[in-house]
Protein chains: 2
Amino acid sequence: MGTVSKALSLLGHFNRARPQIGLSDMTRLSGLNKATVHRLLTELAEQGFVEQVGSGREYRLGPAFLRLAALREAAVPMREVSLKVLHELSAATGETAHLSLLQGDQLSTLAYAYSPVHGTRVTMEDAEVLNLHATSSGLAVLAFSPPDFVDKVLSAPLVAKTPDTITDPDQLRARLSAVRETGIAEYVGGFEEDVHSHAVPIFDATQSVIGAVAVAAPVARMNADLIATIRTEVKRCALDLTRLLGGFLPDGFNRENAA
Amino acid sequence: MGTVSKALSLLGHFNRARPQIGLSDMTRLSGLNKATVHRLLTELAEQGFVEQVGSGREYRLGPAFLRLAALREAAVPMREVSLKVLHELSAATGETAHLSLLQGDQLSTLAYAYSPVHGTRVTMEDAEVLNLHATSSGLAVLAFSPPDFVDKVLSAPLVAKTPDTITDPDQLRARLSAVRETGIAEYVGGFEEDVHSHAVPIFDATQSVIGAVAVAAPVARMNADLIATIRTEVKRCALDLTRLLGGFLPDGFNRENAA
DNA sequence: AACCAACGGTTCGAATAATGAGCCGATAAT
DNA sequence: ATTATCGGCTCATTATTCGAACCGTTGGTT
């Protein structure tokens with residue numbers, strides 16, 4: 001791995017539960033040498049990608065990201081576009097809709113929308129990270145990913161987020177081929193208990209999968225009617241999003257099922 | 001300069017006018033070797049910090065920033081950031097510094113900092129509300145607000161907080177165009193008597209004005225030297241704050257005056 | 001007070017990764 | 001057909017990065 005990748009991978013250890021990280025912790029998290037981590041953090045700090053908080057000398061994400069995210073959004077108004085579509089989707093289904101993008105071997109939630117119809121709902125947080133093997137979005141993405149990527153993901157240790165998480169690679173592969181048949185992925189309680197979700201992949205201009213749009217509802221509310229509505233709506237929404245973002249369906253994608 | 005800094009500095013060449021950059025252009029912009037730039041961009045792309053657009057093969061900022069900016073936002077509240085900057089500003093000027101944000105047709109003070117240098121000082125209270133027509137911060141904001149907003153504010157009854165408050169719309173408009181020229185607003189005794197203040201607007205990611213940072217001093221202490229110091233420092237501080245909060249100066253903003 | 005562990009940060013020879021001149025095939029303009 | 005640029009790639013040279021060990025400090029425990 002190159003030096004730049006090492007530096008950037010340090011940034012991936014920040015999350016909502018761990019917003020600032022000390023040098024020693026970062027050393028442990030990254031598996032790199034302490035001197036190396038220190039030098040990388042120093043360089044990241046010089047460019048405003050991390051900054052040190054006054055006492056304790058821990059590091060946190062820097063202000064540069066606000067600026068660059070604004071520029072990214074100005075160049076590619078993905079978030080704005082998807083929020084609009086997600087609102088429609090959550091309104092049509094009465095449930096929580098979200099869009100997550102593939103980043104490395106995880107999914108990162110870009111946007112989500114709630115429906116005001118029900119008091120109880122599946123809640124999301126900004127930039128939430130989803131596991132590929134534990135979510136319907138993950139299955140949707142994996143089903144249309146290159147085989148070697150799937151191999152890599154499934155050969156790594158698969159964490160059971162709940163008792164219902166599938167951690168057997170063969171079982172997962174069977175699910176993936178079902179997803180390829182129908183063009184839609186389904187998962188019950190794999191990431192959080194009592195959540196039943198459906199997801200459809202979205203693709204970029206090179207016909208590669210870049211993420212998935214999903215609708216998540218409480219298990220208790222899921223019935224045949226709702227399932228039928230969700231499947232129809234999430235498929236249409238995913239197709240819209242792929243098009244709005246300038247993407248194309250891959251040749252193998254089942255258009256009848258998709259539409 | 002280290003490799004990581006080189007890679008990160010490449011990202012700085014993206015802006016609104018130049019949202020995507022080809023390899024050769026980036027080579028010229030950065031002054032680095034083409035092979036080096038290519039390798040750095042490839043590594044940045046692997047981590048999602050840049051991505052290649054389908055045709056032309058140009059590079060643009062990647063989706064990773066959306067995620068990291070959301071985390072930064074969650075980790076570092078705006079108030080904390082501005083307090084740090086305001087402390088520096090009050091230390092550099094020896095006077096009271098404050099940041100106020102536009103809320104409706106008033107300004108609401110988000111944060112302020114005192115200097116310990118002088119026994120007498122201009123005092124603030126938390127979440128103090130300032131009138132747009134009676135304060136330097138207000139003039140700074142109005143000067144860079146949309147015309148219809150200015151019309152709305154100036155057509156409403158303008159309260160005279162002191163004998164020195166300007167309540168004549170035409171006179172205020174003249175002041176606003178002076179502010180646009182210089183990039184800094186000045187007001188003597190308009191909100192409280194014996195207070196002389198300077199303010200510079202700050203902007204958000206869409207280049208809209210969101211508030212102003214100001215330094216206020218007792219009239220008795222204001223002299224040519226102090227004015228020069230304040231004008232320099234408050235301009236620099238406002239620029240820093242705009243950047244720290246992820247904003248951009250509007251295209252018409254006089255950068256020479258701003259720096 | 002003495003001790004100790006953990007912290008952030010630094011040092012320096014050895015190991016590794018970055019560098020850059022030049023080449024390649026593709027594309028597009030002349 | 002020629003030429004100029006483009007993005008991308010190779011490889012010997014070289015500069016940078018790595019990492020075990022070492023500081024000085026802090027905070028807790030005995």
Side-chain angles (χ1 to χ4, degrees), chain A residues 1-15 17-62 72 75-76 104 146 148 204-208 210 246, chain B residues 1-15 17-63 75-76 80 84:
Chain A
M1 200 196 309
T3 307
V4 175
S5 295
K6 284 178 193 155
L8 298 181
S9 72
L10 294 184
L11 300 171
H13 292 109
F14 292 101
N15 58 42
R18 211 192 296 115
Q20 46 193 47
I21 305 180
L23 175 60
S24 298
D25 282 341
M26 186 61 96
T27 301
R28 276 187 287 274
L29 286 168
S30 65
L32 301 172
N33 183 276
K34 187 166 59 162
T36 304
V37 172
H38 179 251
R39 203 170 30 72
L40 295 177
L41 284 173
T42 302
E43 250 181 305
L44 287 168
E46 277 168 14
Q47 306 288 323
F49 284 71
V50 301
E51 64 183 7
Q52 273 185 289
V53 42
S55 88
R57 299 193 158 58
E58 295 193 303
Y59 297 84
R60 67 181 176 200
L61 293 172
R72 158 75 185 186
V76 189
D148 56 344
D204 70 6
T206 70
Q207 301 177 305
S208 303
I210 53 171
Chain B
M1 198 197 303
T3 308
V4 175
S5 296
K6 283 178 195 156
L8 298 181
S9 72
L10 294 184
L11 300 171
H13 292 109
F14 292 100
N15 56 43
R18 211 191 298 114
Q20 46 193 47
I21 305 180
L23 174 60
S24 298
D25 282 341
M26 187 61 95
T27 302
R28 277 187 285 274
L29 286 168
S30 64
L32 301 172
N33 183 277
K34 187 169 57 160
T36 302
V37 172
H38 179 252
R39 199 170 32 74
L40 295 177
L41 284 173
T42 302
E43 248 180 310
L44 287 168
E46 277 167 14
Q47 308 287 325
F49 284 71
V50 301
E51 65 182 8
Q52 275 185 287
V53 41
S55 87
R57 300 195 154 59
E58 294 192 305
Y59 297 83
R60 68 180 175 202
L61 293 171
V76 187
E80 189 188 326
K84 182 168 167 294

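Lettering of chains follows the sequences in order, A, B, ..., and the numbering in each one begins at 1.
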Atom NE2 of B:H38 and atom CE of B:M26: how far apart are they, to the nearest 0.5 Å?
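Between B:H38 NE2 and B:M26 CE, I get 12.5 Å after rounding to 0.5 Å.
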Nucleotide of [options] approaching [X] most closely (side-chain heavy atoms):
X	options	result
A:Q52	D:dA20, D:dG8, C:dG9	C:dG9
A:T3	D:dG7, D:dT17, C:dG9	D:dT17
B:R39	D:dG19, D:dC6, C:dT19	C:dT19
B:L23	D:dG19, D:dG8, C:dG8	D:dG8
A:N33	C:dA18, C:dG9, D:dA20	D:dA20
B:A35	C:dA18, D:dT10, D:dG7	D:dT10

Do A:K34 side-chain and C:dG9 base share a donor-acceptor contact under 3.5 Å?
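For A:K34, whose side chain was compared with the base of C:dG9, there is a donor-acceptor pair (under 3.5 Å).
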From [atom1] of [X] over to [atom2] of [N], roughly how many Å is that when rounded to an integer?
X	N	atom1	atom2	value
B:H38	C:dA21	NE2	P	17 Å
B:L41	C:dT19	CG	P	12 Å
A:R57	D:dT25	CZ	P	12 Å
B:L32	D:dT16	CG	P	13 Å
B:L29	D:dC6	CG	P	12 Å
A:M1	D:dT16	CE	P	22 Å
B:L10	C:dA18	CG	C1'	14 Å
B:R28	D:dA4	CZ	P	15 Å

Looking at B:E51 and A:R72, does any basic side-chain N land under 4.0 Å from a carboxylate oxygen?
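A salt bridge links B:E51 with A:R72.
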Of A:G2 and A:T42, the one whose closest DNA chain C nucleotide lies more 5'
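The answer here is A:T42.
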With nearest nucleotides of DNA chain C determined for A:Y59 and A:V4 from heavy-atom distances, which residue corresponds to the more 5′ nucleotide?
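Whichever sits nearer the 5' end wins; that is A:Y59.
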Between A:E46 and A:T42, is there a side-chain heavy-atom distance shorter than 4.5 Å?
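Side chain of A:T42 against side chain of A:E46, heavy atoms only: contact under 4.5 Å found.
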Any side-chain N or O of B:T36 below 4.0 angstrom from OP1/OP2 of C:dG20?
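Checking C:dG20 against B:T36, a side-chain N or O does come within under 4.0 Å of OP1 or OP2.
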Hey, which of A:I21, A:L10, A:D25 is the one that makes side-chain contact (heavy atoms from CB on, under 4.5 Å) with A:S30?
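That would be A:L10.
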